[in-house]
Amino acid sequence: MLIKKPSDIKPSEITDKDVYMNRRKFMQAAGSLALAGVTSPLLAKPSTQGGSGQKLANVIKTDYKVDRPLSDYKDVTTYNNFYEFGTDKKSPAKTAGQMKTKPWQVTIDGEVEKPGTYNLEDLMKPHPLEERIYRFRCVEAWSMVVPWVGFSLGDLLKRFNPTSKAKYVEFTTLFDPKQMPGQRRTVLQWPYQEGLRIDEAMHPLTMMVVGLYGEVLPNQNGAPLRLIVPWKYGFKSIKSIVRIRLTEKQPQTSWNISAPREYGFYSNVNPTVDHPRWSQKKERVLGASFFAPKKPTLMFNGYADEVAGLYKGMNLRKFY
Ligand SMILES: Nc1nc2c(c(=O)[nH]1)N[C@H]1C(S)=C(S)[C@@H](COP(=O)(O)O)O[C@H]1N2
Ligand SMILES: [Mo]
């Protein structure tokens, strides 16, 4: 099998998805069979030990909405980037189901007064679950609209009393090559790591996610706990988090280590700063017709009113 380095991924590979879309059209045509009572395995939701796909109770609806239709559940859960389960968009949905997400522990440490390791349930307990519909934009120039379920990262961090030295937050994904076959190859430096500046982490839009479409997060989307930062490129939204460390120095990030010229620490969605190998001016909406024109990408992915202030006076060409 040919394993590509992330820096080798060309925008032309988007045709991969086009092939998929044609297949999907075919499946839609076949959908009438399902109505007639014939079950298709593609319509059945995988059941996993962690409860992925189970309905979440008491989810509060919020005003976070988007002026675009929601993406299809199926597109969101079968077209994934999760290199721990392969570099192919379809692999995570096929192979991540075996990952054990219960019990799950998360360590919160570094520059906090109350460090510790917690069971995810205990970590979540004080936080009412909210549904927020956000735009999501991958650096590969595709986008989707997803109803995420979770709570503010800032509310979580405050409980552990960050010290005055807490300037950044570093996030780490599970490292377990037995469960994550992609980690047996060095396509990225493992475990996957990401980071935010503390004010970005405390921003009310920044979300810890445990579900989507009212259900427990499917493994391929980062169960049982992932980050969502809607004004940044998708790779900042790290999946299957086991550690949250507050730091004084800017943390390293997996993509920056792998291709520093292409992926900076900030990675804000910005149509005026192209990726060195392709444009970021437009995006292909996931699930849209093969012939549909691309949509213009918005500054900060449409969240400029909320977050532009965080970057006042910064040269976003330099801090990409
Ligand atoms: N641990 C981990 N987190 C990750 C990734 C990854 O490979 N490993 N891929 C990132 C990228 S590039 C994107 S676009 C999003 C995709 O999220 P989705 O599959 O839920 O759409 O996850 C991000 N988080
Ligand atoms: Mo991405």
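Counting starts at 1 for both ligands and their atoms, following the listed order. Residue numbers count from 1 along this sequence.
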Quiz item: Taking 4.0 angstrom as the limit, do Glu283 and Arg68 come out as a salt bridge?
Solution: yes
Quiz item: Taking 4.0 angstrom as the limit, do Lys90 and Asp88 come out as a salt bridge?
Solution: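 Answer for the salt bridge query: no.
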Who passes side-chain hydrogen bond (donor to acceptor under 3.5 Å, both in side chains) against [X], sequence neighbours left out?
{"X": "Asp67", "value": "Arg135"}
{"X": "Gln193", "value": "none"}
{"X": "Ser164", "value": "none"}

Quiz prompt | Thr107 side chain to Thr117 side chain, donor-acceptor N/O pair below 3.5 angstrom | solution = yes
Put together the list of close N/O pairs, under 3.5 Å, between ligand 1 and the protein, could you?
residue: ligand 1; atom: 1 (N); partner: Glu84; partner atom: OE2; Å: 2.9
residue: ligand 1; atom: 1 (N); partner: Thr173; partner atom: OG1; Å: 2.9
residue: ligand 1; atom: 3 (N); partner: Lys239; partner atom: N; Å: 3.1
residue: ligand 1; atom: 7 (O); partner: Tyr83; partner atom: N; Å: 2.7
residue: ligand 1; atom: 8 (N); partner: Glu84; partner atom: OE1; Å: 2.8
residue: ligand 1; atom: 9 (N); partner: Asn81; partner atom: O; Å: 3.2
residue: ligand 1; atom: 17 (O); partner: Arg226; partner atom: NH2; Å: 3.2
residue: ligand 1; atom: 17 (O); partner: Lys239; partner atom: NZ; Å: 3.4
residue: ligand 1; atom: 19 (O); partner: Asn80; partner atom: ND2; Å: 2.8
residue: ligand 1; atom: 19 (O); partner: Lys239; partner atom: NZ; Å: 2.6
residue: ligand 1; atom: 20 (O); partner: Asn221; partner atom: ND2; Å: 2.9
residue: ligand 1; atom: 20 (O); partner: Arg226; partner atom: NH1; Å: 2.6
residue: ligand 1; atom: 24 (N); partner: Ser237; partner atom: O; Å: 2.9

